[in-house]
Number of protein chains: 2
Amino acid sequence: MTGLGQAEPPATESVVRVRRLRRTERREQLLDAATRAFARTGYPATGLDDVAAEAGLTRAMLYRHFDSKADMYRAVLDRACVRLTEATGADDFDDGAIPALVRAAAADPDGFRLLFRHAVREPDFRDLVDELTAASRDIAHRSLARTIPPGPWLDWASRLVPALTIEAVIAWLDAGQPDPGQAAERVGQAVHGVMAAALPGAVPHVPPPATAPGTDDG
Amino acid sequence: MTGLGQAEPPATESVVRVRRLRRTERREQLLDAATRAFARTGYPATGLDDVAAEAGLTRAMLYRHFDSKADMYRAVLDRACVRLTEATGADDFDDGAIPALVRAAAADPDGFRLLFRHAVREPDFRDLVDELTAASRDIAHRSLARTIPPGPWLDWASRLVPALTIEAVIAWLDAGQPDPGQAAERVGQAVHGVMAAALPGAVPHVPPPATAPGTDDG
DNA sequence: CCGTTTATATACATCGAAGTGTACAAATCG
DNA sequence: CGATTTGTACACTTCGATGTATATAAACGG
């Protein structure tokens, strides 16, 4: 309605020749930016302006590719999930599983962190990661049951082994990703250590469980 | 369930004879309720109405005890931190550290989860937990340096050992807290496994780093 | 060269949660 | 009993983030 401030014309040689992207490429770039932004501060604390700034454009553009913030977040998580499952496969705990996981994490560290450090805590989106963790726990349970007798410590190890694997990979990412050739082997060794800790012989003897039920721990 | 103390029903009109609490007790009860509420859905996604509902009173009452939502959250985290450090002490990795941690986690599971699963991800509050994690990593580093030579894998283990300890304790909580007498020993065994994985001899040989760049890394 | 797509810029609408104020009711204590 | 504390109920403002609309400019493709 009014002569709103029009963008100043190039007027110089150094025109910022913005390369226009096709819809699909732009969408991928937006997903990349959103992954970084969300991985930094989490879903609720990250505004769409942050995502837009990370992508280098304005908030209005986001709505040309995604219906809502939740829709965008879901797309981000979906892509990370697909990448991960494609890289690792849904198969068992064979020798190639951990190397594949390490490779996938190194290929998309932000997506990896986003899935396992943030999305698990978001009530509206954890269903996406829950499939992964449930499958992992199931696989771990089946694999561990070959050496650990049934009982609470088998359950404990089945929960802990996937979590430890994730934590070990993230710690490896945080440490600067030293030689990837060793990484998978080290992670595997750590997992083996947890398995050993869940064996019946791991604990020498059961200390008497404090017959007085009163909690003296103040 | 609401922890309103002995709500003696007068068996008369619809008057709920609620026992009024003193300021200190009410504050403690509010901290308990806030711990539960925040541990369930995280700080940003938890409204003050949720906390009030969890405590069994109205939102206005919260402002008689805390200046703001952030102030309340900080009080919650502070109390959890104090409890934890009091229970474990700030000393080294002696034999009593892990049992103390397990006992503290069992005494306040929600506070434990809140600290290490949520607060670490909140940019405005992670400083509280960062002191804990930094101290843990430092302690772990000093302890591990006695057996692991300096290098990236010592750093890796120093990051991973505290994280694994936390994860192992949380997995133990999630598994239903089976016999606490064994728990600390199992966790210690798992930690030992990670230490072993960081030793130089853990990985049998270093696979050649693939002089031909692209084998199948798609 | 012209139309379509891609993008900018900005203003506006909307909506939920935080934070505030006030009036009133009930319980405890002197 | 009467004063103070503790709590309810509700209305209200403030504020930031989401979501929408419109006008305009630049790049690409035929």
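Just so it is clear, the model here is predicted, and its values are computed rather than measured. Order of the sequence lines fixes the chain letters, A, B, ..., with proteins taken first and strands second; residue numbering starts at 1 for each chain.
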Might you list the N or O atoms of the protein lying below 3.5 Å from N or O atoms in nucleotides 18-22 of chain C, with each pair's distance?
residue, atom, partner, partner atom, Å
dA18(C), OP1, Leu48(B), N, 3.4
dA18(C), OP1, Lys69(B), NZ, 3.3
dA18(C), OP2, Leu48(B), N, 3.3
dG19(C), OP2, Tyr63(B), OH, 3.4
dG19(C), OP2, Lys69(B), N, 3.0
dG19(C), N7, Arg59(B), NH2, 3.3
dG19(C), O6, Arg59(B), NH2, 2.7

Atom pair CG (Leu144(B)) and CD1 (Ile139(B)), whose distance is rounded to the nearest 0.5 Å: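 Reported value, rounded in 0.5 Å steps: 11.5 Å.
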
Could you state the interatomic distance from CD (Glu167(B)) to CG (Leu164(B)), rounded to the nearest 0.5 Å?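 Result: 8.0 Å between the selected atoms.
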
Ion pair present between Arg126(B) and Asp130(B), side-chain N to carboxylate O less than 4.0 angstrom?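 A salt bridge links Arg126(B) with Asp130(B).
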
Short N-O contact, Asp108(B) and Arg83(B), less than 4.0 angstrom: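 Counted as a salt bridge, because a side-chain N and a carboxylate O are separated by less than 4.0 Å.
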
In whole Å, I'd like the distance from the [atom1] atom of [X] to the [atom2] atom of [N].
X        : N       : atom1 : atom2 : result
Tyr43(B) : dA17(C) : OH    : P     : 14 Å
Leu57(B) : dA27(C) : CG    : P     : 16 Å
Leu62(B) : dG7(D)  : CG    : P     : 11 Å
Met61(A) : dA21(D) : CE    : C1'   : 15 Å
Asp50(B) : dG16(C) : CG    : P     : 14 Å
Arg27(A) : dT5(C)  : CZ    : P     : 18 Å
Glu25(A) : dA27(D) : CD    : P     : 16 Å
Arg23(A) : dT6(C)  : CZ    : P     : 7 Å

Answer yes or no for Arg186(A) and Trp153(B): cation-pi contact, defined as NZ/CZ to six-membered ring centre under 6.0 Å and angle to ring axis within 45°.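 Because its charged atom sits under 6.0 Å from the ring centre and within 45° of the axis, Arg186(A) does stack over Trp153(B).
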
Salt bridge (Lys or Arg N to Asp or Glu O under 4.0 Å), that's the test. Do Arg36(B) and Asp32(B) meet it? Break it down for me. CA-CA 6 Å; Arg36(B) 286 193 298 274; Asp32(B) 291 342; 5.4 Å; no

Residues of residues 30-41 of chain A with any non-hydrogen atom less than 4.0 angstrom from an atom of DNA chain D: list those, numerically ordered, please.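 Nucleic-acid contacts, sorted: none.
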
Taking atom types as modelled, is there a side-chain donor on His118(A) or Arg121(B) under 3.5 Å from an acceptor on the other?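 There is such a pair (donor and acceptor under 3.5 Å, judged by atom type) between the side chains of His118(A) and Arg121(B).
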
Which atom pair, heavy atoms only, marks the closest approach of Thr35(B) to Gly111(B)?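 Reported closest heavy-atom pair: CG2-N, 3.6 Å.
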
Considering all heavy atoms of both residues, which atom of Arg137(B) and which atom of Ser158(B) are nearest to each other, and what is their separation?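 Where Arg137(B) meets Ser158(B) most closely, the heavy atoms are CG-O, 3.6 Å.
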
Does Thr58(B) put a side-chain nitrogen or oxygen below 4.0 Å from OP1 or OP2 of dA9(D)?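 False: Thr58(B) side-chain N/O out of range (4.0 Å or more) of dA9(D) OP1/OP2.
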
Expected rows: protein N/O vs nucleotides 14-16 of chain D N/O, under 3.5 Å:
none

Taking the six-membered ring for Trp, are Phe125(A) and Tyr43(A) parallel (under 30°), tilted (30 to 60°) or perpendicular (over 60°)?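 The arrangement is perpendicular - the two ring planes meet at more than 60°.
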
CA sep, side-chain torsions, deciding dist, call: Arg159(B), Asp155(B), salt bridge (Lys or Arg N to Asp or Glu O under 4.0 Å): CA-CA 6 Å; Arg159(B) 293 172 188 276; Asp155(B) 295 342; over 6 Å; no

